[in-house]
Each structure stands twice: as structure tokens, then as C-alpha cells.
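Below: one structure, written as C-alpha cells.
For the single chain, residues carry numbers from 1 onward in sequence order.
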Amino acid sequence: MFKTAKFFVFVIAAAFFLGGCGDEPEKLVNKGGNTPCNEFTAQDESKQRITVTKFLEQERNGDAPATQDRTVDAAIASIKLMCAAQANPDTPINKADLTGILVPK
């Protein structure tokens with residue numbers, strides 16, 4: 001009886017974690033502003049959106065969620081531009097700036 005109950009609990013937990021919770025697991029493991037440029041540029045659009053949204057929330061100390069699409073879109077474009085020009089591809093997106101183009105960070 002207990003083995004069967006444990007099995008069903010395991011199956012339900014696995015199904016919830018892997019399938020039915022949308023972007024929540026990605027938001028939990030996503031590094032936000034600490035994501036290196038090379039990882040950011042390799043992400044698909046939805047993961048980039050999650051990364052940048054988390055980064056903007058980190059910058060605001062979690063006080064105001066960054067849910068405005070235009071703000072996130074502008075930040076994604078800016079980060080892509082800065083990451084493409086960084087001398088060190090391991091630069092975190094929160095450190096990517098104009099000086100990193102000439103001097104590896």
C-alpha cells in the first residue's frame with residue numbers, strides 16, 4: 001500500500017514539475033543579471049525574456065516587477081548589442097557595457 005502511494009506521489013510531483021508549471025522552473029533556476037553573455041545569446045527568445053525580466057526585477061530589488069513588454073524588449077535589444085561587442089563572452093549581462101568592448105571584464 002505504501003509503495004503504491006509513494007509511487008503515485010512521485011508521478012504526480014514529476015508531472016507537475018516537468019509539465020504543468022509553465023515558465024516557473026525556468027524563473028527559479030535562471031541567473032537573471034548574472035547570466036553570461038555567451039549563455040544569453042544562445043538562449044531562445046522566451047528564455048531571453050525570462051532572463052531579462054528577472055534581471056530588471058533584480059535591479060529594482062524586487063520592488064516592481066518588470067512586466068511592461070516595451071521595457072523588456074528594449075532591454076533585450078540593448079543587452080544583445082552589448083553582448084555582441086564584449087571582448088570577454090563570459091561577461092555577465094549586468095556588467096556588459098561600452099568599456100567591456102575594449103577591455104575584457
Margin query: Please find the pair of heavy atoms, one from Gly33 and one from Pro92, that lie closest to each other, and give the distance.
Written below: O-CB, 3.6 Å
Notebook entry, point to check: Under 4.5 Å between any side-chain heavy atoms of Gln43 and Thr35, yes or no?
Noted result: yes
Item checked: Considering all heavy atoms, the nearest Gly32-Ile93 contact -> O-CD1, 3.5 Å
Next item on the list: Could you name each residue pair satisfying salt bridge (Lys or Arg N to Asp or Glu O under 4.0 Å) that touches residues 72-89, not counting sequence neighbours?
Entry: Arg49-Asp73
Item checked: Side-chain donor or acceptor of Gln86 paired with backbone N/O of Asp97 under 3.5 Å -> yes
Notebook entry, point to check: Which atom pair, heavy atoms only, marks the closest approach of Cys83 to Thr41?
Noted result: CB-CG2, 4.1 Å
Next item on the list: Could you pull out the closest heavy-atom pair between Asp90 and Pro36, with the gap in Å?
Entry: O-CB, 3.7 Å
Check: Roughly how far, to the nearest 0.5 Å, is CG of Asn94 from CG of Leu56?
Finding: 11.0 Å
Next item on the list: Hey, could you give me the OG1/CZ distance between Thr91 and Phe40, rounded to the nearest 0.5 Å?
Entry: 14.0 Å
Note to self: Nearest 0.5 angstrom please: Asn88 CG to Asn38 CG, how far?
What the structure shows: 8.5 Å
